[in-house]
Amino acid sequence: MRIATWNINSVRLRLPQVFRFIQEQKIDILCLQETKTEDQYFPSEEFSKQGYAHQYFRGEKSYNGVAIISKLKFQENGYINWCNKDDCRHISVRFGEEVELHNFYVPAGGDEPDIVINPKFLHKIDFLNEMKSYFAEEKKTKKILVGDLNIAPLENDVWSHKQLLNVVSHTPIETETLLDIISSGDWFDVMRSITPHEEKLYSWWSYRNRNWEVSNRGRRLDHVWVSKKLFPQVKSGVIYRETRSWERPSDHVPVIIDIDI
DNA sequence: ATGGTGGAAGGTCCA
């Protein structure tokens, strides 16, 4: 089974890229973030025609929005309004032999990494703390967690650890909290579990850098985690960099895993 | 220290 996660930054604008990706890469389950559209405008029929009949999505106008589209049948598991906000940052489904799949879009957090003066950063930290208590509680269920977590937790998840230490996405309070969620929830960070920590890994390159490929100032903001007992079933994982060179690309690229389920 | 670009809007907010 092939599962992918991709922050698409408008699913309607980039529908052709999504189709190209899921066809070429033979994706079974695709998790999208930043769909940026209300449910009534989600391109549901178009996905059905491509063979992805099973869908669960939750969006709003202009901002946020998550979707799971699948060739395989699943049951809707629901969603959580983290931080008591109905802002469409999470959905989950159950498929196969009782496997839970969570799709997250964690708040970006604004520019200023200070919870006192920046409410967006406070929201991000609160969101992470809620994730931590939620996943630390129940570890028996087999789980997969994917999404744009808007944090690059390790030194080689950014182009310059030193220069980004005070930049939102790589500050100690964020990276430490994210690593804490991973360890207290018995998660495996798939891409890092199969890649030496000395090796740079990025899934996002800013639009503001015109020559993104040459400057290569990326960050690993997009993640796939699996619960400990599922990890032996993971066969491969890849960050699919190619899409960043496509016409009118998203600033994020997909992360793909193959897992025996 | 600043600004650079892109999306949904049709203001500006957000990333």
Side-chain angles (χ1 to χ4, degrees), chain A residues 5-19 21 31-44 46 57-67 81-83 85-90 103-115 117-128 146-153 157-160 162-171 173-175 178 202-223 239 241-255:
Chain A
T5 178
W6 195 4
N7 178 321
I8 196 61
N9 189 14
S10 175
V11 66
R12 286 190 287 172
L13 184 72
R14 271 180 261 283
L15 204 53
Q17 287 99 312
V18 176
F19 289 163
F21 169 67
C31 301
L32 295 169
Q33 303 87 35
E34 281 207 273
T35 52
K36 291 187 171 179
T37 186
E38 290 169 289
D39 292 348
Q40 55 180 321
Y41 303 122
F42 189 86
S44 179
E46 289 89 333
F57 44 83
R58 193 174 159 237
E60 63 186 283
K61 199 175 179 176
S62 302
Y63 306 111
N64 313 326
V66 284
N81 279 332
W82 306 87
C83 303
K85 289 176 193 284
D86 192 10
D87 56 357
C88 303
R89 294 182 179 275
H90 169 257
N103 181 9
F104 274 94
Y105 177 52
V106 171
D111 286 332
E112 200 60 52
D114 184 335
I115 58 172
I117 62 168
N118 177 6
K120 289 182 203 162
F121 196 67
L122 176 63
H123 179 211
K124 184 177 198 174
I125 302 303
D126 286 346
F127 195 104
L128 294 169
V146 308
D148 175 5
L149 306 184
N150 267 316
I151 296 171
D157 291 338
V158 292
W159 63 275
S160 168
K162 265 190 183 171
Q163 283 176 256
L164 289 173
L165 264 174
N166 201 32
V167 172
V168 172
S169 73
H170 195 61
T171 64
I173 184 172
E174 294 168 89
T175 58
L178 199 74
Y202 312 139
S203 67
W204 172 88
W205 292 263
S206 171
Y207 284 127
R208 296 177 189 178
N209 214 322
R210 277 233 164 260
N211 215 335
W212 70 274
E213 209 159 9
V214 174
S215 59
N216 199 24
R217 295 186 167 189
R219 305 178 201 171
R220 187 172 71 105
L221 305 179
D222 303 274
H223 300 267
I239 298 182
R241 216 183 144 102
E242 283 84 339
T243 63
R244 192 63 180 77
S245 307
W246 290 359
E247 194 84 12
R248 284 195 98 175
S250 168
D251 46 354
H252 296 254
V253 300
V255 185

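What's counted below: heavy atoms across the whole structure, side chains too, no hydrogens, waters or symmetry copies.
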P atoms of dG10(B) and dC14(B), separation to the nearest Å: 15 Å
Original post:
Is Arg12(A) near enough to dG7(B) that one of its side-chain N or O atoms lies under 4.0 angstrom from OP1 or OP2?
Top reply: no
inquiry  = Treating Asp148(A) as the side-chain partner and Tyr105(A) as the backbone partner, does any N or O pair qualify as donor plus acceptor under 3.5 Å?
reply    = no
Spacing of the C1' atoms in dA9(B) and dC13(B) (rounded, Å): 9 Å
task = Using the C1' atom as the reference point in each nucleotide, state the distance between dG11(B) and dG7(B) in Å, no decimals.
result = 15 Å
Across all chains, not counting sequence neighbours, the side-chain contact (heavy atoms from CB on, under 4.5 Å) partners of Lys120(A) are Asn118(A)
Fill in: Between dG3(B) and dA15(B) - C1' atom distance, rounded Å
15 Å
Arg217(A) CZ to dG4(B) P, in whole Å, measures 16 Å
Rounded to whole Å, CH2 of Trp204(A) lies from P of dT5(B) at a distance of 14 Å
Nearest-nucleotide check on DNA chain B, Lys61(A) vs Arg210(A); residue mapping nearer the 5' end is Arg210(A)
Checklist entry - Can you tell me if Ser169(A) and Asn150(A) form a side-chain donor-acceptor pair at under 3.5 Å? => result no
Below 3.5 Å between N/O atoms, which protein atoms pair up with nucleotides 13-15 of chain B? Just atom names and distances, please.
residue	atom	partner	partner atom	Å
dC13(B)	O2	Tyr63(A)	OH	3.3
dC14(B)	OP2	Lys120(A)	NZ	3.3
dA15(B)	N6	Arg208(A)	NH2	2.5
dA15(B)	N1	Arg208(A)	NH2	3.0

Note to self: Would you say Ser203(A) and Arg220(A) are linked by a side-chain donor-acceptor pair, where the criterion is simply a distance under 3.5 Å?
What the structure shows: no
Rounded to whole Å, the CD-C1' distance (Gln33(A) to dG7(B)) equals 16 Å
Are any of the side-chain nitrogens in Arg58(A) or Asp86(A) under 4.0 Å away from the carboxylate oxygens of its partner? yes
Residues at least two apart in sequence or cross-chain that pass side-chain contact (heavy atoms from CB on, under 4.5 Å) with Asp111(A), listed by chain then number, are none
Trp246(A) CH2 to dG6(B) P, in whole Å, measures 19 Å
